[in-house]
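A note on names: the letters A, B, ... follow the listed sequences, proteins ahead of strands, and every chain is numbered from 1. Here the structure is a predicted model, which is why all the values come from computation and not from measurement.
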Amino acid sequence: MTDRFDPAVADRRWQQRWAEAGSFHADSNSAKPKAYVLEMFPYPSGRIHMGHVRNYTMGDVLARFRRMQGYEVLHPMGWDAFGMPAENAAMEKKVHPGAWTRQNIATMREQLQRIGFALDWSRELATCEPDYYGQEQALFLDLMEAGLVTRKESEVNWDPVDMTVLANEQVIDGKGWRSGAPVERKKLSQWFLKITDFAEELLEGLDGLDQWPDKVRLMQSNWIGKSQGLQFCFRLATSMPGGVCDIEVFTTRPDTIFGASFVAISPGHPIAETLAEERPEVAEFIARAQAGGTSAAEIETAEKLGFDTGLEAIHPFDENVRLPVWIANFVLMDYGTGALYGVPGHDVRDFEFAAKYKLPVRRVVATSSAGASAPITEAETDPGVAVNSQFLDGLASDQARAEVIRRAETAGWGQGKTQYRLRDWGVSRQRYWGTPIPVIHCDACGPVGVPRDQLPVVLPEDVSFDVPGNPLDRHPTWTKVDCPKCGGLGRRETDTLDTFVDSSWYFIRFASQPDDRPFDRAEAEKWLPVGQYIGGVEHAILHLLYARFWTRALERMGKISVKEPFKGLFTQGMVTHETYESPDGRWLNPDEIEVREGGALVERATGVEVRRGRVEKMSKSKKNTVDPEPILDRYGADAVRWFMLSDSPPERDLEWSEGGIEGAARFVQRVWRLVRSPPGNEGQDSALLKKLHRTIAAVGEAIEGLQFNKSVAALYELTSAIEKAKPSATRDEAIRTLLLLAAPGAPHLAEEAWAIRGEEGMIADAPWPSFDPAMLVDDEVTIAVQVNGKLRETMTAPRGISREDTEALALALPKIQSQLGGGTPRKVIVVPDRLVNIVA
RNA sequence: GCGGACGUGGCGGAAUGGUAGACGCUGGAGACUUAAAAUCUUCUGCCCUUUGGGCGUGCGGGUUCAAGUCCCGCCGUCCGCACCA
């Protein structure tokens with residue numbers, strides 16, 4: 001019999017055993033210390049892809065490791081099941097979004113189970129089911145009652161053909177991504193969550209997240225975009241129609257206020273709109289200014305456009321100074337006050353504008369290299385000393401800044417202010433496949449929350465997608481409902497919630513899922529915060545910020561005493577693969593490629609040579625995907641898992657390769673052969689014992705730090721060492737321990753081997769091995785001997801040898817003698833037990 | 001434009017300021033075999049004529065007895081934000 005580990009049999013056997021034993025069931029009432037390991041839950045798009053496999057393997061290794069360490073582990077899985085792809089499928093394939101989604105979930109659940117993840121399936125949830133989104137509706141009502149929900153007019157991208165709102169990412173070159181129709185701007189009344197109320201604490205909270213990548217913290221910090229400055233009103237020297245007499249502006253550089261040479265307002269500013277009503281040329285300019293797109297390239301090349309309104313603003317510190325008021329396309333209506341004053345000498349953007357429209361450029365900041373009268377040839381934005389600024393002259397920029405704010409506040413015409421870039425979170429989506437917003441509109445009472453005893457507001461299933469637009473709008477009965485307040489005729493809200501709302505609290509629902517409320521506070525607090533959260537960096541800003549906001553909102557409302565949902569965050573790299581392009585421009589899947597002798601790649605079907613493209617993230621569009629399923633069939637779950645861990649550091653991209661999976665599969669068989677090798681039960685092997693203890697230490701440390709590639713390397717070394725060792729009791733112990741160390745990564749192999757060795761119970765329940773720190777040190781050490789910092793020789797010496805003896809031994813070495821050529825060293829540096837450096 | 005990360009053999013990657021290249025992949029040689037697969041042994045940074053020596057962590061400087069690692073300046077790649085007042 002060829003004695004090979006057979007995953008086709010073993011994988012299923014152990015998956016079944018774990019399920020029967022409820023091995024990975026998380027007991028909230030357990031007395032053990034708790035560990036919550038979570039990977040970002042998938043969108044059920046159809047099939048599991050390699051990115052999922054990598055993500056969930058990492059989490060699984062950590063979860064299994066924690067279990068073996070004696071923690072009660074919560075490691076759940078669910079489905080982020082609302083969203084657009086289901087509606088697109090409905091339109092294209094004439095299936096109901098719910099049917100499509102639930103079928104995908106069934107498929108993907110089975111795929112995940114084949115990989116043997118240690119998940120507590122009893123806590124599985126799908127956001128598209130009423131038992132989840134109904135509780136979300138209850139939380140939405142809570143937020144409404146707490147004043148954290150507002151209704152505002154907001155501009156949206158409207159696709160007139162699909163009759164739907166598009167996200168910014170769905171607008172490509174000003175056209176709808178599906179319909180190709182030119183996108184219109186449309187103002188709609190929409191629901192917003194007041195995340196801006198939390199701007200400061202979301203920012204400050206980042207400091208405490210020391211187990212998050214710095215990169216993500218920085219991205220969030222930039223996104224929140226705090227800046228401090230002065231806000232004040234310019235009085236207008238000219239009267240405006242409608243009694244408007246001032247323009248409110250915000251600046252972060254009040255120290256340059258004497259360098260102001262114009263005031264600029266946004267084309268969307270109320271004053272601009274008022275002027276436009278009277279003067280056609282203003283309306284015309286506004287239309288032109290707003291025409292430009294928002295793509296990166298367009299902004300890069302966008303020309304600054306301005307229109308002089310003829311209005312004049314009075315300088316707050318000098319009645320006699322008048323600043324012309326321009327409408328300028330670079331002023332954003334939704335940042336600050338939608339108006340600013342321009343200081344061309346010390347702001348790049350203002351300089352460009354002033355140069356184009358011949359506005360004055362004044363120096364009001366001097367630096368060591370540019371004095372008070374030096375001409376300005378480009379915007380100087382560095383701080384320095386105020387000049388040409390009356391009472392500010394001689395003050396350093398930051399002092400001048402404070403002084404201007406102080407005077408403005410004393411005189412009462414302005415005040416210091418903090419601005420944030422962060423905007424409120426618009427959660428309305430004019431779509432069917434999402435959580436219905438639990439609100440009823442009434443002409444008399446306005447929007448009214450659905451009474452809690454009427455929750456969940458269930459999404460109707462009898463809808464059609466043959467007509468563009470939101471099917472909820474045209475549903476015959478669903479919208480018709482009485483106002484809960486006055487009993488009059490009401491209309492049910494037809495917008496649904498942004499799917500980011502669904503993912504903003506699922507980790508709480510995983511921790512506790514009672515039938516009658518969103519979560520049980522005491523139970524949830526036993527698990528939260530999530531100890532280790534793992535997912536893609538693409539969620540660095542939105543999902544993670546929204547989840548942090550939601551958690552803080554619950555905390556502020558007194559519903560939970562957790563402020564930050566994710567204690568540790570890890571962002572894993574992507575799974576990549578080479579791309580292949582045929583001469584006629586089609587992308588080809590790796591399956592369709594054949595390697596000819598000499599390394600040429602040809603398309604299997606046609607024999608035509610293909611171009612080898614860049615290594616990129618696996619994607620449908622580039623067709624460079626590798627489906628996990630056939631790989632699982634061929635190599636088994638453990639080989640796939642092992643490869644996911646082995647080749648690259650987890651935060652970097654992993655390139656899929658045939659060689660890599662082969663190597664992983666080879667390792668599985670190597671371990672199996674060791675297990676099947678004749679046992680030796682007598683005799684010690686002290687060298688192997690040391691290696692073993694070192695490996696236990698190294699693997700534990702590596703997994704703790706999520707450095708799975710290092711844990712794999714350490715296990716390869718141990719495996720080689722055991723293979724080379726002669727039979728002994730030590731060797732037998734080493735094999736047993738190797739299984740324990742490999743168990744989180746290759747659990748099926750480990751269980752199978754554990755069983756045939758006749759060990760007790762399942763290895764999933766076995767404790768993680770401990771090591772003896774004394775075994776980590778050697779009696780003999782290898783000491784490097786350098787001459788002038790260059791390695792010339794090594795020598796072995798007893799550990800703990802004195803400096804003097806080390807030096808003497810080193811100097812006595814023949815090679816060193818010849819290097820020195822009889823001379824006396826000028827200096828000798830000794831690092832005990834490590835190195836000698838002789839300076840000649 | 002602003003901000004950040006990264007740059008080490010043919011490839012993926014290891015290296016508390018202290019022996020650069022662990023481990024894996026690829027490749028070479030050999031063993032076993034009728035043969036192949038599988039497996040095992042062994043070599044595999046570059047250069048020089050060897051014992052041996054020289055050069056090597058993107059480039060140029062610096063700090064240090066000692067730099068892949070710290071500092072300064074370039075170059076390149078990738079990522080995020082983007083007219084944010």
Side-chain angles (χ1 to χ4, degrees), chain A residues 2 4 213-223 225-227 229-231 249-254 256 264 266 292 294-296 298-300 302-304 328-332 334-343 347-350 352-353 381 419-423 537-538 540-541 643 646-649 651-655 657-664 666-667 669-670 673 698 707 709-720 723-724 782-795 815 818 825-840:
Chain A
T2 55
R4 291 175 64 80
D214 289 342
K215 178 194 167 88
V216 174
R217 291 198 286 178
L218 187 69
M219 281 164 72
Q220 292 218 347
S221 168
N222 290 341
W223 188 262
K226 179 180 184 174
S227 53
L230 170 70
Q231 187 157 322
V249 296
F250 173 73
T251 179
T252 56
R253 292 294 302 270
T256 62
S266 167
T294 52
S295 75
E298 279 170 300
I299 288 168
E300 194 85 32
E303 206 185 345
K304 301 234 177 325
N329 66 341
F330 66 85
V331 184
L332 306 173
D334 46 13
Y335 181 80
T337 59
L340 54 87
Y341 67 75
V343 184
D347 182 280
V348 177
R349 194 195 43 206
D350 297 346
E352 201 186 314
F353 189 76
T381 54
Q419 281 284 350
Y420 299 92
R421 208 190 72 113
L422 184 69
R423 322 248 171 84
V537 74
E538 66 272 20
I541 298 176
F643 176 42
S646 60
D647 261 25
S648 288
E651 69 279 7
R652 281 200 227 167
D653 290 352
L654 170 72
E655 189 181 348
S657 73
E658 203 65 24
I661 182 72
E662 295 275 357
R666 200 149 45 223
F667 174 71
Q669 297 301 340
R670 267 173 87 191
R673 274 195 301 277
Q707 298 170 305
N709 57 322
K710 286 203 219 168
S711 73
V712 166
L715 287 173
Y716 281 155
E717 282 191 54
L718 177 63
T719 305
S720 291
E723 283 168 345
K724 291 193 174 88
T782 306
I783 295 177
V785 184
Q786 299 178 333
V787 177
N788 292 331
K790 283 195 174 142
L791 182 75
R792 295 295 172 187
E793 184 63 293
T794 58
M795 62 184 190
K815 256 189 203 167
S818 71
R826 284 198 288 137
K827 195 174 174 186
V828 178
I829 283 112
V830 177
V831 182
D833 292 339
R834 290 211 72 141
L835 166 143
V836 180
N837 189 12
I838 298 154
V839 187

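- Using a 4.0 Å heavy-atom criterion, one finds that A:Tyr716 contacts the sugar-phosphate atoms exclusively.
- Residue A:Arg4 contributes atom CZ, which lies 9 Å from atom P of B:A38 at whole-angstrom precision.
- A gap of 15 Å separates the C1' atoms of B:A36 and B:A31, to the nearest Å.
- Ion pair A:Asp334/A:Arg423 flagged as a salt bridge, since at least one NZ, NE, NH1 or NH2 atom sits closer than 4.0 Å to an Asp/Glu carboxylate oxygen.
- By the 4.5 Å heavy-atom criterion applied to side chains, A:Asn788 and A:Arg826 are not counted as neighbours.
- Mapping A:Asn222 and A:Tyr341 onto RNA chain B by nearest heavy atom places A:Asn222 closer to the 5' end of the strand.
- Considering only side-chain N and O atoms, A:Arg217 lies nowhere under 4.0 angstrom from the phosphate OP1 or OP2 of B:A5.
- Distance noted for atom C1' between B:U19 and B:G3: 39 Å (whole Å).
- For B:A85, the OP1/OP2 oxygens have a side-chain nitrogen or oxygen of A:Ser227 closer than 4.0 Å.
- By the 4.5 Å heavy-atom criterion applied to side chains, A:Asn709 and A:Asp647 are not counted as neighbours.
- Nearest-nucleotide mapping onto RNA chain B: of A:Val712 and A:Ala339, the residue sitting toward the 5' end is A:Val712.
- One P atom belongs to B:C46, the other to B:C40, and the distance between them is 25 Å to the nearest Å.
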* To do: Apply the test side-chain contact (heavy atoms from CB on, under 4.5 Å) to residues A:Lys215 and A:Val537: give CA-CA distance (whole Å), side-chain angles for both, the deciding distance (0.1 Å), then the verdict.
  => CA-CA 9 Å; A:Lys215 178 194 167 88; A:Val537 74; 3.9 Å; yes
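- Distance noted for atom C1' between B:G45 and B:A14: 15 Å (whole Å).
- Between A:Leu835 and A:Gln786, the closest side-chain pair of non-hydrogen atoms falls below 4.5 Å.
- B:A22 and B:C70 are spaced 22 Å apart, taking the P atom of each and rounding to whole Å.
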* Letter per nucleotide, 5' to 3', of nucleotides 9-19 of chain B [B base touched, S only sugar-phosphate touched, - untouched; heavy atoms, 4.0 Å] -> ---SSSSB-BB
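- Defined by atom type and a distance below 3.5 Å, a donor-acceptor pair is present between the side-chain atoms of A:Arg670 and A:Ser720.
- The CG-C1' distance, from A:Leu715 to B:A22, rounds to 14 Å in whole Å.
- In this structure, A:Asn329 atom CG and B:C84 atom P are separated by 12 Å, rounded to whole Å.
- On the C1' atoms, B:G17 is 16 Å away from B:G62, given to the nearest whole Å.
- Nucleotide B:C70 forms a Watson-Crick or G-U wobble pair with B:G62, both donor-acceptor distances falling under 3.5 Å.
- Annotation: B:C59 and B:C79 have their C1' atoms spaced 23 Å apart (nearest Å).
- For the OP1/OP2 pair of B:G1 and a distance below 4.0 Å, the side-chain nitrogens and oxygens of A:Arg349 include no atom meeting the criterion.
- Each of B:G54, B:A82, B:C65 was ranked by its minimum atom distance to the side chain of A:Val839; first place goes to B:C65.
- Put simply, the side chain of A:Arg253 does not reach to within 4.5 Å of the side chain of A:Asp347, judged on heavy atoms.
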* Tell me, with the steps shown, if A:Gln669 and A:Arg4 meet side-chain contact (heavy atoms from CB on, under 4.5 Å). => CA-CA 7 Å; A:Gln669 297 301 340; A:Arg4 291 175 64 80; 3.7 Å; yes
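- Relative to the side chain of A:Ile541, the nucleotides B:U41, B:G80, B:C23 differ in distance, and B:G80 lies closest.
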* When you look at A:Ser227 and A:Tyr335, which way does the side chain to side chain donor-acceptor pair (under 3.5 Å) test go after all the steps? -> CA-CA 11 Å; A:Ser227 53; A:Tyr335 181 80; 2.9 Å; yes
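- One finds no side-chain N or O of A:Lys215 lying less than 4.0 angstrom from the OP1 or OP2 phosphate oxygen of B:G3.
- Following rounding to the nearest Å, A:Met219 (CE) and B:C84 (P) show an atom-to-atom distance of 19 Å.
- Glycosidic conformation of B:G9 is syn; the angle stays within 90° of 0.
- Between A:Gln419 and A:Lys226 the shortest side-chain heavy-atom distance does not fall below 4.5 Å.
- Using N1 to N3 plus N6-O4 or O6-N4 for Watson-Crick, or N1-O2 and O6-N3 for G-U wobble, each under 3.5 Å, B:U39 pairs with B:A31.
- Contact annotation for A:Val343: no contact, since no heavy-atom pair falls under 4.0 Å across all strands.
- Remark: the separation of the C1' atoms in B:C48 and B:A66 is 27 Å, to the nearest Å.
- When atom types are taken as modelled, the side chain of A:Thr252 and the backbone of A:Gly229 share no donor-acceptor pair closer than 3.5 angstrom.
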Please tabulate the protein-to-nucleotide N/O contacts below 3.5 Å involving nucleotides 25-30 of chain B, giving atom names and distances.
residue	atom	partner	partner atom	Å
B:C25	OP1	A:Arg666	NE	3.4
B:C25	OP1	A:Arg666	NH2	2.6

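- We find that CG of A:Asp214 is positioned 20 Å from P of B:C79, with the value rounded to whole Å.
- Base-pair partner of B:G3: B:C79 (Watson-Crick or G-U wobble, both distances under 3.5 Å).
- Of all nucleotides present, only B:G24 satisfies the Watson-Crick or G-U wobble test against B:C11, with each distance under 3.5 Å.
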